[in-house]
Amino acid sequence: MSLKKYDTIVIGAGLVGLSVVYHLKRKNPDSKVLLIEKEDRVAKHQSGNNSGVIHSGIYYAPGSLKAKNCIAGYSSLLAFAEEHNIPYELCGKIIVATTPAEVVKLKEIHNRGIQNGLQNLRELRSLEEIQELEPHCTGIRGIHVPQTGIIDFPKMAETLLDLYQNQYGGEAVFGEKVINIHSQNNTVHVETDKHMYAADHLVSCAGLFSDRVANMTEKENDLRIIPFRGEYYKLSKEKEHLVKALIYPVPDPSFPFLGVHFTRMIRGGVEAGPNAVLAFKREGYKFQDFNLKDTKETLSWPGFWKIVAKYGQTGMGEMYRSLSKAAFTKALKKLVPEVQESDLVPGGAGVRAQACDRNGKLIDDFNILKSANIIHVRNAPSPAATSSLAIGNHIVNELLGEKAAVI
Ligand SMILES: Cc1cc2nc3c(=O)[nH]c(=O)nc-3n(C[C@H](O)[C@H](O)[C@H](O)COP(=O)(O)OP(=O)(O)OC[C@H]3O[C@@H](n4cnc5c(N)ncnc54)[C@H](O)[C@@H]3O)c2cc1C
């Protein structure tokens, strides 16, 4: 049987991979592109199990890839949502400080927002000003970020696939897992558990398995994915009125997660979470989920033990909040004191693919590795759903040899 040959093969039908194939075919309709996904549908992992927030770019270090791509991705995302009727709403969010120490950190976040070019940020200088926006929220200072919004990311993923296949004639296979990649004489051979394909170029956007896929071609991959589950509760119907839009705490600047918050969802309801609990299975959505290979890979990574030494206490707190609804409620009560344990019903969960280096540094920024004719997206944590169109556009510019648009 002859080997099917493509110009480009893309691994992973999350928002990043979908954005890559969409931009590839849009810019170069004659190119032969194949998307390979191991699941039976798009967005089964991070892209379909997240908070559904359009991030504004306020948190990220000025000049970082996250800051640049969040802001560029934000505009592209809104234009795409308008053009293709993806439900979204720019409802704004508040970040609230509840202690004097948090006020100092809040000021730093505000400054970052200004440096990143955000306009119309409003300082909330008293409880009254906070409660003008969120009547049930408490705090001593806050920032209102009007640009933040909510969106239906799974619908966006389905739309990207639809455009790629039906408007631009792109090919996709689902239910095929890439198990090996071999590059020779400028041709990349991609072996799945069912077939073998060949291409001139390969882009991997494998999310929770990005390190394993990168290891198929890179002798020395200095990053390992450590999976952190984010678990949600939902506010019961009767208590949804406690939250009008989005309410966030001041995040711990040394920890790459935002802290449990309240999010009004575009499909209805209010979610509370997510926490950040070490997962013993990369696609493990429940506390008891365990996978020996995944766990061995985490425990054998030298950087992991440095994370334990550095964040052990925070990690134990997150673990405790995962097991104790009372502790989870306590964290939420800091923002909305009226919330009671009985108001929270179990919600879903997502697992974050967080890259970690050998020295225990949790990689905060996006990381894209390019070598000859292969590109690996090795770290695309939040806000990569918001930034997905900018990231995809950048990768395609790299592939086509055009000047990089953003990254
Ligand atoms: C709990 C949580 C909340 C978040 N909240 C937000 C938010 O509100 N806003 C925001 O902007 N971002 C948010 N994020 C981050 C955002 O969801 C991710 O950054 C983004 O979805 C990453 O997309 P991706 O395509 O890289 O990965 P994924 O969506 O995980 O897609 C990777 C795909 O690769 C496939 N794959 C892996 N290995 C193989 C293989 N060997 N062969 C074939 N296919 C393979 C997987 O099955 C998967 O479909 C959140 C993330 C989580 C987990």
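When a ligand or atom number is given, it counts from 1 through the structure's own listing order. The shown structure was predicted, so the numbers you read here are calculated from the model rather than taken from an experiment. All values below come from the heavy atoms of this structure, side chains included, with hydrogens, waters and symmetry mates left out.
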Subject >> Contacting atoms of ligand 1, where contact means under 4.0 angstrom from a heavy atom of K177 >> reply: 41 (N), 42 (N)
Original post:
Is the Lys NZ or Arg CZ of K25 less than 6.0 Å from the centre of Y164's six-membered ring, within 45° of the axis?
Top reply: no
**OP:** Looking only at protein heavy atoms, identify the closest one to atom 37 (C) of ligand 1 and say how far it is in Å.
**Re:** A206 O, 3.2 Å
Original post:
Which atoms from ligand 1 have a heavy atom of I11 less than 4.0 Å away?
Top reply: 42 (N), 43 (C), 44 (N)
Subject >> Under 4.0 Å to a heavy atom of P383 - the qualifying atoms of ligand 1, by number >> reply: 10 (C), 11 (O), 12 (N)
Subject >> Side-chain donor-acceptor contact under 3.5 Å, Y232 with T263 >> reply: no
**OP:** Could you tell me whether K325 atom NZ has more than 12 heavy atoms of other residues or ligands within 6.0 Å of it?
**Re:** yes
Subject >> L124, T98, I130 screened by side chain to side chain contact (heavy atoms under 4.5 Å, CB included) with C137, the one that passes >> reply: I130
Original post:
So between V53, L208, V178, whose heavy atom ends up nearest atom 41 (N) of ligand 1?
Top reply: V178
Subject >> Nearest candidate to atom 49 (O) of ligand 1, where distance is taken over non-hydrogen atoms, out of E39, H45, E37, K44 >> reply: E37
Original post:
Looking only at N/O atoms, are Q46 and ligand 1 under 3.5 Å apart anywhere?
Top reply: yes
Original post:
At under 4.0 Å between heavy atoms, which part of L15 makes contact with ligand 1: side chain, backbone, both or neither?
Top reply: backbone
Original post:
If you measure from atom 51 (C) of ligand 1 to every heavy atom of V351, N50, V190, N379, which option wins on shortest distance?
Top reply: N50
Original post:
Looking at G52, which atoms of ligand 1 are within less than 4.0 Å of one of its heavy atoms?
Top reply: 8 (O)
Original post:
Do the side-chain N and O atoms of H45 and E283 include a donor-acceptor pair separated by under 3.5 angstrom?
Top reply: yes
Original post:
Out of R41, H55, R282, whose heavy atom sits nearest atom 7 (C) of ligand 1?
Top reply: H55
**OP:** Measure the distance from atom 11 (O) of ligand 1 to every protein heavy atom, then report the residue, atom name and distance (to 0.1 Å) of the closest one.
**Re:** T386 OG1, 2.7 Å
Original post:
If you measure from each non-hydrogen atom of I54 to ligand 1, which part falls under 4.0 Å: side chain, backbone, both or neither?
Top reply: neither
**OP:** For K370, look at atom NZ and say whether over 12 heavy atoms of other residues, nucleotides or ligands are found less than 6.0 Å away.
**Re:** yes
Original post:
For N49, is at least one N or O under 3.5 Å away from an N or O on ligand 1?
Top reply: no
Original post:
In the protein, which heavy atom is nearest to atom 1 (C) of ligand 1, and how far is it?
Top reply: Y232 OH, 3.4 Å
Original post:
Which of the atoms in ligand 1, numbered in the order shown and given with their element, are less than 4.0 Å from a heavy-atom of A384?
Top reply: 19 (O)
Original post:
So, D222 and R378, do they make that salt bridge, N to O below 4.0 Å?
Top reply: yes
Original post:
Are K5 and Y197 in a cation-pi contact, defined as NZ or CZ under 6.0 Å from the six-membered ring centre and within 45° of the axis?
Top reply: no
**OP:** May I ask you to identify the nearest protein heavy atom to atom 31 (O) of ligand 1, giving residue, atom name and distance to one decimal place in Å?
**Re:** G14 CA, 3.4 Å
**OP:** Check ligand 1 against E176 and write out every atom of the ligand that is under 4.0 Å from a heavy-atom position of the residue.
**Re:** 43 (C)
**OP:** Decide whether a cation-pi geometry holds between R352 and F257; the criteria are a distance under 6.0 Å from NZ or CZ to the six-membered ring centre and an angle within 45° of the ring axis.
**Re:** yes
Original post:
Which residue supplies the protein heavy atom nearest to atom 34 (O) of ligand 1, what is that atom called, and how far is it?
Top reply: G12 CA, 3.3 Å
Original post:
More than 12 foreign heavy atoms under 6.0 Å from NZ of K234: is that the case here?
Top reply: no
**OP:** With heavy atoms only and a cut-off of under 4.0 Å, state how F366 meets ligand 1: side chain, backbone, both or neither.
**Re:** neither
Original post:
Should the proximity of P381 to ligand 1, defined as any heavy atom under 4.0 Å, be assigned to the side chain, the backbone, both, or neither?
Top reply: backbone
Subject >> Top protein contact for atom 24 (P) of ligand 1, by heavy-atom distance >> reply: V16 CG2, 3.8 Å
**OP:** For atom 23 (O) of ligand 1, find the nearest protein heavy atom and state the residue, atom name and distance (0.1 Å precision).
**Re:** S47 OG, 3.3 Å
Original post:
Just by modelled atom types, is the E39 backbone N or O under 3.5 Å from a matching donor or acceptor in the E37 side chain?
Top reply: yes
Subject >> Residue selection (non-hydrogen contact nearest atom 15 (C) of ligand 1) among S382, S204, G392, G348 >> reply: S382
**OP:** Answer yes when K334 and E102 have at least one side-chain N-carboxylate O distance shorter than 4.0 Å, and no when they do not.
**Re:** yes
Original post:
Heavy-atom count around N186 CG within 6.0 Å, excluding the residue itself: above 12?
Top reply: no
Original post:
What protein heavy atom is closest to atom 43 (C) of ligand 1, reported as residue, atom name and distance in Å?
Top reply: K38 N, 3.3 Å
Subject >> Atom indices of ligand 1, in the order listed, that fall short of 4.0 Å to a heavy atom of R352 >> reply: 52 (C), 53 (C)
**OP:** Show the numbers, then the answer: is there a salt bridge (charged side-chain N to carboxylate O under 4.0 Å, His left out) between E297 and R282?
**Re:** CA-CA 10 Å; E297 280 191 359; R282 291 192 181 202; 2.9 Å; yes
Original post:
By number and element, which atoms of ligand 1 are closer than 4.0 Å to a non-hydrogen atom of C205?
Top reply: 32 (C), 33 (C), 34 (O)
Original post:
If we ignore angles and hydrogens, is there a donor and acceptor under 3.5 Å between the side chains of H189 and Q184?
Top reply: no
Original post:
Angle class for the H55/Y59 ring planes (parallel below 30°, perpendicular above 60°, tilted otherwise)?
Top reply: perpendicular
